[in-house]
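Quick caveat: nothing in here was measured; it's all calculated off a predicted structure. Computed from heavy atoms alone, side chains included, the values below leave out hydrogens, waters and symmetry copies. Throughout, numbering of the chain's residues begins at 1 and tracks the sequence.
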Amino acid sequence: MGKGTRDGGAHGDDGAYGDGSRGGSTSRGGAAPGGGPSATRGSGPAPGGPAPGNAPAPGGAPAPSGAPAAVGVPRPHLSHRVPDLGALELLLAVARHGSLGAAAREVGITQPAASSRIRSMERQLGMALVDRSPRGSRLTDAGALVTDWARRIVEAAEAFDAGAQALRGRRDSRLRVAASMTIAEYLLPGWLIALRAERPDTAVSLQAGNSAAVAERLFAGDADVGFVEGLAVPDGLDGVVVAHDRLAIVAAPSHPWARRRAPLDPAELAATPLVLRERGSGTRQVLDAALSAHGGLARPLLELASTTAVKAAAVSGAGPAVLSELAITEELASRRLVAVPVAGVVLRRDLRAVWPAGHRPTGPARDLLSLTRDRP
């Protein structure tokens, strides 16, 4: 930004504050920041530096030189003592243009609002910063010093903003997703294709595992968002339902259950060794809960770590299996598997997006969540 000047050009729109009252002028020998002697450009206390010994105390009485701060009296927060960035940017604009009206137009506010903001900043700092006259607005000596300090603050804020943008860009350049098997295989591909259309520059990695493994990855910071299939949101996570699913009992056409007409009794289902997913999977959690009142699950015939493996075992005739309806659409249509009805148990479940409690997803993860609502 251009360096502030002590004098501005003459502009007739600055003769008044903007509300009809005449601004009070401060002579070139006006008080410098901190209440010390007259300030000149290049002299005076630096921002945050010690005030001169005769600086007024908060109550208005002069503080003795070197006197310690009152014990037990909290110092006001910096935000109460330092003008905000908008006010400092307005002051810099006044320094550049020598006109309050032009400065107001640059920062996008009305001249009365600009006058009010300058007056508020002067009250906050306890000194006059701008001389206003029909010929224009000029910085006082104190105003010139404050403008120099304001420039450094604004430049630091611009560097802060650039750094924050760089961090957001780094965050937005990748998305790490952890998902339980059914969601990873049958729902996420469509969601990720849609995300790719919206964020072509975001690199996505997908880690598939059971619901317990998804939670572990989120706790370890190895995933930005997760998807699970269990009965509830795991402890320590927040979540939202993104889809619904139902578990089905299936068997190969050669299995006796494929030819029965009456629904299975829950006790019979519980007592029969099945081809199942491993403990910790959402499928296993739902089945365990549904059959807990009927004696619990018998020892599994096979315990496999993926939906695809369970499905392949069932198709081969190894035994009846429990699978998501999302996973068996083609197998049921081609009669490679047959759905076996069951009475008296609820095998419905919610599919959820999850994330560490108190840390709702942002950036690409937030966009992915939005897409799950549009494409169930």
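- Atom CG of residue Leu326 and atom CD1 of residue Ile183 lie 9.0 Å apart, to the nearest 0.5 angstrom.
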Set out, in order, the CA-CA distance, both residues' side-chain angles and the distance that settles side chain to side chain contact (heavy atoms under 4.5 Å, CB included) for Thr202 and Asp367, then state yes or no. CA-CA 11 Å; Thr202 298; Asp367 293 346; over 6 Å; no
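- In the hydrophobic clustering of this structure, Leu187 does not group with Val233; members are Ile, Leu, Val, Met, Phe, Trp, Tyr whose side-chain heavy atoms approach within less than 4.5 Å, directly or through other members.
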Would Arg360 and Asp238 satisfy side chain to side chain contact (heavy atoms under 4.5 Å, CB included), going step by step from the backbone distance to the final call? CA-CA 8 Å; Arg360 191 168 181 85; Asp238 289 336; over 6 Å; no
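- Checked by atom type, the side-chain pair Thr308/Glu185 shows a donor-acceptor distance below 3.5 Å.
- When atom types are taken as modelled, the side chain of Gln124 and the backbone of His80 share a donor-acceptor pair closer than 3.5 angstrom.
- Screening Glu229, Glu303, Glu278 for a salt bridge (charged side-chain N to carboxylate O under 4.0 Å, His left out) with Arg284, the sole residue that qualifies is Glu303.
- Between the side chain of Arg277 and the backbone N or O of Ser281, no donor-acceptor pair lies under 3.5 Å.
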Yes or no on salt bridge (Lys or Arg N to Asp or Glu O under 4.0 Å) for Arg176 and Asp224, after CA distance, side-chain angles and deciding distance? CA-CA 5 Å; Arg176 301 167 301 164; Asp224 302 308; 2.9 Å; yes
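- Side chain of Ser120 to main chain of Ser116: no donor-acceptor pair is present (N/O by atom type, distance under 3.5 Å, no hydrogens or angles).
- Here Arg117 does not pair with Glu122 in a salt bridge; the nearest charged N to carboxylate O distance is not below 4.0 Å.
- With salt bridges taken as basic N to acidic carboxylate O contacts below 4.0 Å, one links Arg279 and Asp288.
- A pairwise comparison of heavy atoms in Val345 and Val342 identifies CG2-CG1, 3.4 Å as the closest pair.
- Nearest heavy-atom pair across Pro234 and Val354 is CD-CG1, 4.4 Å.
- Taking the six-membered ring where the residue is Trp, His255 and Trp257 present perpendicular rings, their angle passing 60° and hence far from 30°.
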Show your reasoning for whether side chain to side chain contact (heavy atoms under 4.5 Å, CB included) applies to Val130 and Leu100. CA-CA 9 Å; Val130 177; Leu100 194 59; 5.9 Å; no
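- The nearest pair of heavy atoms linking Ala252 to Val315 is CB-O, 4.1 Å.
- In this structure, the separation between CG on Leu129 and OG1 on Thr147 is 7.0 Å, given to the nearest 0.5 Å.
- With hydrogens and angles left out, the side-chain atoms of His244 and Arg349 include no donor and acceptor closer than 3.5 Å.
- The two residues Gly226 and Leu218 have their closest heavy-atom pair at N-CD2, 3.9 Å.
- One N or O on the side chain of Ser133 and one on the backbone of Arg135 form a donor-acceptor pair closer than 3.5 Å.
- The CG atom of Leu192 sits 6.0 Å away from the CG atom of Leu368 when rounded to the nearest 0.5 Å.
- Hydrophobic cluster membership is shared by Leu85 and Ile118, with clusters built from Ile, Leu, Val, Met, Phe, Trp and Tyr side chains linked at under 4.5 angstrom.
- There is a side-chain donor-acceptor pair under 3.5 Å between Asp245 and Ser324.
- Between Ser137 and Arg132, the shortest heavy-atom distance links the atoms OG-CG, 4.3 Å.
- Under a hydrophobic-cluster definition in which Ile, Leu, Val, Met, Phe, Trp and Tyr are linked whenever side-chain heavy atoms come within less than 4.5 Å, directly or via other members, Leu347 and Leu264 are assigned to the same cluster.
- Taking CG from Leu145 and CG from Leu139, the interatomic distance works out to 10.0 Å, rounded to the nearest 0.5 Å.
- The distance from atom CG of Leu91 to atom CD1 of Ile153, rounded to the nearest 0.5 Å, is 10.5 Å.
- A single hydrophobic cluster is seen to contain both Val146 and Val154, as judged by linkage of ILVMFWY side chains at heavy-atom distances under 4.5 Å, directly or through other members.
- Side chain of Lys311 to main chain of Ile328: no donor-acceptor pair is present (N/O by atom type, distance under 3.5 Å, no hydrogens or angles).
- Distance check: Glu325 CD to Arg246 CZ gives 6.0 Å after rounding to the nearest 0.5 Å.
- Close placement of the Trp191 and Phe227 rings is indicated, their centers lying within 6.0 Å of each other.
- When all heavy atoms are compared, the tightest approach of Val214 to Ala179 is CG2-C, 3.5 Å.
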Tell me, with the steps shown, if Thr283 and Val322 meet side chain to side chain contact (heavy atoms under 4.5 Å, CB included). CA-CA 8 Å; Thr283 300; Val322 181; 4.3 Å; yes
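- For Arg335, the CZ atom is loosely surrounded, since the number of other residues' heavy atoms within 6.0 Å does not exceed 12.
- There is no path of hydrophobic side-chain contacts, each under 4.5 Å, that joins Leu304 to Leu287.
- For Asn210 (side chain) and Met181 (main-chain N/O), no donor-acceptor pair under 3.5 Å exists by modelled atom type.
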